[in-house]
Each structure stands twice: as C-alpha cells, then as structure tokens.
Number of protein chains: 2
Amino acid sequence: MPKTPVWKSIATALTSEIAAGHYRPGDKLPTESELSARFGVNRHTVRRALQDMQEKGLTHARRGAGVFVLAEATDYPIGKRVRFHQNLEAAGRMPAKRILTLQTRPCDRDEASALQLKSGDPVHVYEGLSLADNVAVALFRSVFPADRFPGLLEDLDHMRSVTRALAAVGVKDYTRASTRLTAKTATATQALQLNIAEGAPILRTVGINVDTDGCPVEYGHTWFVGDRITLVVED
Amino acid sequence: MPKTPVWKSIATALTSEIAAGHYRPGDKLPTESELSARFGVNRHTVRRALQDMQEKGLTHARRGAGVFVLAEATDYPIGKRVRFHQNLEAAGRMPAKRILTLQTRPCDRDEASALQLKSGDPVHVYEGLSLADNVAVALFRSVFPADRFPGLLEDLDHMRSVTRALAAVGVKDYTRASTRLTAKTATATQALQLNIAEGAPILRTVGINVDTDGCPVEYGHTWFVGDRITLVVED
DNA sequence: GGCTATTTGTACGTATGTATG
DNA sequence: TCATACATACGTACAAATAGC
C-alpha cells in the first residue's frame, strides 16, 4: 500500500470536482487560504497541489487575482496506454521486423540514467527496422540491462519480439512508465535506412518500460516515418 | 527592469553549466545542501530551481541518491534562442487562444465520416492559434455538426472555449474517443501562422470527441510546433 | 542481511514582496 | 488608497529511499 502524499490527495479531490462540473472552466477556485482551512493543512501544501494541477494544464494562477480553471482542461490529456503498430495490423498489412544490430556493449550516460544503471554497465542493444509490406515504416532501438537478462539477445534473435523475449527471461508483464512524443526531421543516416529524403518528417517516441515492481527493463526509441505511420492513442 | 527571483537565477546558472559541459548527461549534480551553501540560499530555494529544471526535462531527482542530468536536455527549447526569453517563459505559462476563423460551411467527406454526417451537411468550423506566453505553439481546427448545435458559433466566439461552448449547448461532458498522432512538415501557410520555417517538423494530432452517448460532437486537428512542444503520455 | 549516514520528499511555520481589483 | 491573494524566501522537523559499510 503506497502512502499517498497529502498534496496529491488534495490535487485529486480538486481535479475530481472540476471533472464533476463543480468548478467550470473559467471559474475561480477558492483562495489558497480557504482551501488550506477546508482541508486542514498548511497553505504550502495546498500550493503544492495547485502547482501539480497547473503543470497538468488544469489550472492557472494569477497573482493578486486567484486560481482559475482552464478551458483546455479536458482537451489535451492523451490516454493511458499507447499501442504502437496497431494501425498497421488493423489495416490488414503484414508487420515484420528486420534486425540491424544485436549486440552487448557498455551503456552510455543516457542509457544508464534511464535504466538506473551505472555508466559503463553492460546493456543489450536491439536495433532494427519495422516493415509493412516490405516498406520501412520505423527505426527502433531497444536497450536492456544485460546483467539482469544475460540470455536476452538469443531470445530476441529467435523470437523477434520484445514482449516474448522478456517473457522468456521472467518478465511476465511490463508497462510504459512514460512516453514522450515529438516531431523531428530525418538525419542523413535515418533517411538512408528508412529510404526517405533527408529532412522528411519523423515522429520520435522515447519510452521507458518498467516491470511490475517499477524497475526499468527497457529503454526504447522509435522513429516513425511521418508519411507512412499514424500512432493511435485510445482511452 | 523586472526583478528576477533568486531561484530562477540559480536555475539559469545550473542550466548554463550543463550546457557548457560542466555537467554531462548522467552526471550527478551537487546535493541540495551543497548547492544551497554555494549560492548562499535556503535549501528550498535550490529545490525550486531544481524543480523548474526538472519540469523542463533537464534533470531528474532520485530520492536518497541525488539529482541527475538527463540526456534529453538538448531536445528542449531551453537551449539557444529561447534563453533570451527565458525570463518570460519561466515566469509561468499563460495559455491563450487567438481565433483565426469562425464559420459555417458544408462538410467534406472526411468530416462527414468522422462526425457521422452526410456529405455536405453543415458544420461549424473553429480555427485558431494556441499561444503560450505570446508564442504560438499550435494551430487547431475544430469541426462541429451545425444541425445539432445551431448557436454554437456565437458561444465559441464569446467564451473562447470549446468545453464551455459545448456545455452551453447541452453537452455537459465529452471524452476523446481516439487520437491519432503523426509527424508532418509545416506548409507555407502553417509556417506563416506559427512563425516557423517552412518544412519545420510538426506534430499533428487528429481526434474525435464523443458525448456520453458515444455520439461524435467534435472533430479536431491540432498541429504542434515540434520544437516547442513535446507531448507526454503518462501511466 | 542489517545498520547507518546521506539525500531527496513532505509538511509545517513565518515573514515579506508584488500584482490585482 | 487599501485589503486581498498569489509569489518568494527564509526557517524547522521528520519521513522515505538510497548507498556504503
């Protein structure tokens, strides 16, 4: 049972009230003092909750005026689980993978940070191309902690599936802790591998997958060809 | 001459040192105590600076371990030109909308399909710019079935909020049925409106919002400036 | 494994500054 | 002008996670 901070409970309570229509977009929330009195906490604890909501785009504070509910509240938050490649299969195409590299090497600082390793610890690196109907639609690179999964490379080579290979080494379930999406343009190397023009639009995703204990098991990058791929996010 | 908060000066100083290579991705920053001693401020003031940097994706704290520099630092617009406007940007985001067009016209095939209308049925179209601190970060276009919401345009014009305008015509709640994400490059028109270069990377989202009965009420497109926006999918 | 020191996270308190209405 | 309300900054104390012995 994870202990929930007080400020988070307050943020949840206020968010629920907004979602329930108790406060509508444009409305002014009670003052920090009123809220701290209502919840029986210090004003700074309320501020921590309001700050969390502001980061999520729910509210917006104006010094001297008050805290207001934003109209965009329900507009943006994108769903919970992202399923890549989904539209490929739905379209009746034949997804395939082509392995580019399978190797074990010392991790760099970036990978160490994401996987909570020490810089230089060994990692398995799985790079490849995703194909649909023999057309390259994405480049991917998955990085795994090698010390924890000694035999993973063979499984990846054999099964050609991250999910199944991880299952083979004891990771029954894993979830995406976070995914960041941004638009880029293709580098020369990427353009060559994906058979597109340099500077063509690329949708890059960076994600960390964690096991049921919250321990990172995979650090993955994917570069989708903008013209050939659309990601689907469903609630 | 705007008075700069101490925490912001500290964040700027630490960010500069990261940019200068003094601290590299994966490195551990000095402890909060050491930094507060170095800058001669309270630990909470340092925490406020570190928190600001974490929001920008520059650093990442691990309780009991320390604060570490993340690799993605250069992906975020804190790097170059924005540093001139950093005071404005970090002063708190001011989301705003600028209406470009508000009109009613017959729908095209695509819109008819998304909204479950017949081709040529009237739709309200709401196009505009999303601004943060007076910088355009996204273009959007929302399409609504006009027959179902006759007076929606006036509400949109007046309230400048899709959520509230829909509430005014009886749609108390709506949810995002699906979102599709893809990478594009900016067209000449988009580049002009978003004040970016033609061909710059754009993150496009296409979504359909449905009411509690599952009936589509809005068909929306958003074009985010890749350099200025990173979408984060959590959980 | 256990223990301890270190380090970040939470929560409280107090005071003062600054913009709003 | 003035009270209100959020922003900054100082302080204290303890909890929770980590790392090292």
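Numbered from 1 within each chain, the chains take letters A, B, ... in sequence-line order.
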Less than 4.0 Å between a side-chain N and a carboxylate O, is that true for Glu32(B) and Arg38(B)?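 No, Arg38(B) and Glu32(B) are not salt-bridged.
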Carboxylate-amine/guanidinium contact Arg141(A) Glu218(A), below 4.0 Å: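 Salt bridge between Arg141(A) and Glu218(A), a charged N being under 4.0 Å from a carboxylate O: no.
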Output the rounded distance in Å from [atom1] ([X]) to [atom2] ([N]).
| X | N | atom1 | atom2 | value |
| --- | --- | --- | --- | --- |
| Leu50(A) | dT10(C) | CG | C1' | 16 Å |
| Asp52(A) | dG9(C) | CG | P | 14 Å |
| Arg47(A) | dC10(D) | CZ | C1' | 14 Å |
| Lys28(B) | dT18(D) | NZ | P | 15 Å |
| Glu32(A) | dA7(D) | CD | C1' | 9 Å |

Suppose the criterion is ring-ring contact (aromatic ring centres under 6.0 Å, His included): which pairs have a residue in residues 29-49 of chain B, not counting sequence neighbours?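 Those involving residues 29-49 of chain B do not exist here.
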How does each nucleotide of nucleotides 11-21 of chain C score, in 5' to 3' order, for protein heavy atoms under 4.0 Å: base (B), sugar-phosphate only (S), or none (-)? BSBB---BBBS
Measure the CD1-CZ distance between Ile10(A) and Arg48(A) for me, rounded to the nearest 0.5 Å.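 Going from CD1 on Ile10(A) over to CZ on Arg48(A), the span is 11.5 Å.
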I'd like to know if the side chain of Thr15(A) reaches the main chain of Ala11(A), judged simply by a donor and an acceptor atom lying under 3.5 Å from each other, with no hydrogens or angles considered.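 Between the backbone of Ala11(A) and the side chain of Thr15(A) there is a qualifying donor-acceptor contact (under 3.5 Å).
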Is a side-chain N or O of His124(B) found less than 3.5 angstrom from the main chain of Phe149(B), in a donor-acceptor match?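 Checking the backbone N and O of Phe149(B) against the side chain of His124(B), a donor-acceptor pair under 3.5 Å is found.
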